[in-house]
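We number each residue from 1, following the sequence as shown.
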Amino acid sequence: FLLLQPAVSVGNVGQLAIDLVISTLGMTKAGYFYTDCLVPMVGNNPYATAEENSVELSINAEVYSLPSKKLVVLQIRSPFIKNKSRPFCQTLLSWVKSSKCARVVVLSSSHAYQRDDQQLLGTPLRYLLTPDLQKSLGGLMQELNWKEMEKVAAYPGINDAEKILHIPGGGITKLLFTESCSKGIQMAVLLKFCSEGDNIPDAFALVNYLNEWLQLIQSEVSANNSPDPSSPWKIPSSWRLLFGSGLPPALF
C-alpha cells in the first residue's frame with residue numbers, strides 16, 4: 001500500500017489536503033495511530049454525512065484505508081508536544097517498515113516569506129524524492145515538469161557553495177525526509193510555499209498537485225477549458241467551522 005500523510009506545517013495545508021482526499025474517496029477508518037507525542041484531542045466525526053455518523057468520535061491521529069486503490073492515509077489533527085517530534089518520526093517510520101508500505105507521500109508546506117531568489121520563480125509547488133524513489137520516479141517528475149525543492153546556502157553571503165535542505169515552517173518534513181533517506185524508505189514530499197490565513201486555496205492546489213501524479217480522481221475541466229481546482233473534490237462537513245462558529249449574537 002501507499003501511505004499518504006500530512007506534516008503539521010504552516011497553514012495546516014497538508015492536513016486540509018488530506019481531509020479532501022479522505023472525504024472525496026469516502027475512505028473508511030481503519031484504526032488509530034496511538035502515540036504520546038501529539039497533543040491529546042477528541043472531537044466529532046469530521047467527515048459526517050448524516051446525523052447518524054456525526055456522533056462518532058475522532059482523535060489526534062487516525063488511519064483510513066481504501067483497498068481498491070491500495071491507499072492508506074494517516075491524518076494528524078493536533079500539534080506535537082515539545083521535543084516529541086523525533087520520537088514520533090522514529091515510531092512512524094518503524095511502523096512503515098514493519099507494515100511493508102510500498103511508498104510514503106508526505107504533504108507539507110513552507111513559509112512563503114522565507115524563500116530565496118530562485119524559489120520565488122515559477123510555481124509555488126515543490127517536490128522531494130528519497131534516493132530509493134528517485135531511481136523509479138525521477139523520469140516521471142521530469143515528464144510532469146515538476147520543480148524539485150531547491151537547496152539553499154547554509155551561510156548566505158558568507159559561503160554560498162555549501163548547500164542545505166531548508167524547509168522553514170515545515171514541521172517534521174525535513175526530519176522525516178532525511179531519516180527516510182538513511183533508512184532506505186521510498187518517500188516523496190510534496191509541498192507548497194504559503195502564508196498563514198485562509199489556506200483552503202493552498203489545500204486545493206496541493207491536492208491537485210498530488211492528483212497530477214497519483215490520479216486519485218478524474219480532474220474536471222470548467223467551461224473556459226481550464227481545470228477547476230475545487231470542482232472534483234468533496235469538502236468535508238467539518239470545514240464549515242474552519243474559522244470558528246461565527247460571532248455570538250449576544251455581543252450585539
Pairwise side-chain contact, Glu56 with Ser58, heavy-atom cut-off 4.5 Å (strictly under): no
Which heavy atom of Asn44 sits nearest a heavy atom of Val55, and at what distance? ND2-CA, 4.0 Å
Using a 3.5 Å distance criterion without hydrogens, assess whether the side chain of Thr123 forms a donor-acceptor pair with backbone atoms of Leu125. yes
Rounded to the nearest 0.5 Å, what separates atom CZ in Phe80 from atom OG in Ser85? 6.5 Å
Modelled atom types, side-chain donor and acceptor of Asn208 and Trp233, under 3.5 Å: yes
Determine whether a donor-acceptor pair (N or O, by modelled atom type, separation under 3.5 Å) exists between the side chain of Asn199 and the backbone of Ser195. yes
Decide side chain to side chain contact (heavy atoms under 4.5 Å, CB included) for Asp36 and Lys84; before the verdict, give the C-alpha distance in whole Å, the side-chain angles of both, and the deciding distance to 0.1 Å. CA-CA 8 Å; Asp36 62 354; Lys84 287 280 193 175; 3.6 Å; yes
Would you call Lys29 and Glu62 a salt bridge, using N to O less than 4.0 angstrom? yes
Under 4.5 Å between side-chain heavy atoms, counting indirect links through other Ile/Leu/Val/Met/Phe/Trp/Tyr residues: same cluster for Leu66 and Leu2 or not? yes
Measuring from atom OG of Ser136 to atom CD of Gln134, what distance do you get when rounded to the nearest 0.5 angstrom? 8.5 Å
Do the side chains of Val152 and Arg115 get nearer than 4.5 Å, heavy atoms only? no
ILVMFWY network linking Leu92 to Ile81, side-chain heavy atoms under 4.5 angstrom: no
In this structure, are over 12 heavy atoms from other groups packed under 6.0 Å from Gln215 atom CD? yes
Has Lys163 got more than 12 heavy atoms of other residues, nucleotides or ligands less than 6.0 Å from its NZ? yes
Taking atom CG of Leu144 and atom CH2 of Trp213, what is their separation to the nearest 0.5 Å? 9.5 Å
Do Glu143 and Asn145 come within less than 4.5 Å of each other through their side chains, counting heavy atoms only? no
Does Ser78 reach the main-chain N or O of Pro40 with its side chain, forming a donor-acceptor pair under 3.5 Å? no
Side chains of Thr130 and Ser180: do they bring a donor and an acceptor to under 3.5 Å? no
Of all the heavy-atom pairs spanning Pro168 and Gln114, show the shortest one and how long it is. CB-OE1, 3.4 Å
Under 6.0 Å between ring centres: does that hold for Trp95 and Phe33? yes
Atom NZ in Lys183, atom CG in Asp132: separation rounded to 0.5 Å? 13.0 Å
Are Phe177 and Val10 joined in one hydrophobic group, where the rule is that I, L, V, M, F, W and Y side chains link up if heavy atoms are under 4.5 Å apart? no
Over all heavy atoms of both residues, which pair between Arg126 and Gln118 is shortest? Give the atoms and the distance, please. NH2-O, 4.1 Å
State, with a plain yes or no, whether a side-chain heavy atom of Met141 is found less than 4.5 Å away from one of Tyr127. yes
Over all atoms of both residues, closest heavy-atom pair of Glu179 and Leu93: CB-CD1, 3.5 Å
As a test of understanding, state which of Leu128, Val106, Leu129 forms a side chain to side chain contact (heavy atoms under 4.5 Å, CB included) with Met187. Val106
So, does Lys174 use its side chain to make a donor-acceptor pair with the main chain of Leu165 at under 3.5 Å? yes
Does a side-chain heavy-atom distance below 4.5 Å link Cys194 with Val13? yes
Of the non-hydrogen atoms in Pro201 and Asp198, which two are nearest, and what is the gap between them? CD-O, 3.5 Å
Should Val73 and Val104 be regarded as members of a common hydrophobic cluster, given that ILVMFWY residues are connected when their side-chain heavy atoms come within less than 4.5 Å of each other, either directly or indirectly? no
Please report the shortest heavy-atom distance between Gln119 and Phe193, naming the atom on each side. CD-CZ, 3.9 Å
Expected list for residues 14-22: side-chain donor-acceptor pairs under 3.5 angstrom, two or more places apart:
residue: Gln15; atom: NE2; partner: Ile76; partner atom: O; Å: 2.8
residue: Asp19; atom: OD1; partner: Tyr47; partner atom: OH; Å: 2.5
residue: Asp19; atom: OD1; partner: Gln75; partner atom: NE2; Å: 3.0
residue: Asp19; atom: OD2; partner: Trp239; partner atom: NE1; Å: 3.1

Taking Arg103 as the fixed residue, which of Leu3, Ile185, Leu133 is the one that meets the side chain to side chain contact (heavy atoms under 4.5 Å, CB included) rule? Leu133
Side-chain contact test, heavy atoms from C-beta onward, threshold under 4.5 Å: evaluate it for Asn83 versus Arg86 and give yes or no. no
Is there a side-chain contact between Leu25 and Leu71 in this structure, where contact means two heavy atoms from C-beta onward sitting under 4.5 Å apart? yes
Ser9 side-chain N/O to Ala7 backbone N/O, donor-acceptor pair under 3.5 Å: yes
Applying side chain to side chain contact (heavy atoms under 4.5 Å, CB included) to Ile167 and Leu191, what does each step give before you reach the verdict? CA-CA 9 Å; Ile167 309 174; Leu191 66 84; 4.0 Å; yes
Output the distance between atom CG (Leu107) and atom CG (Leu206), rounded to the nearest 0.5 Å. 5.0 Å
For the residue pair Ser54 and Asn45, establish whether any side-chain heavy-atom pair is separated by less than 4.5 Å. no
same_hphob_cluster(Leu137, Leu210) at 4.5 Å side-chain heavy-atom cutoff: yes
Hey, what do you get for OG (Ser108) to CG (Leu190), rounding to the nearest 0.5 Å? 9.5 Å
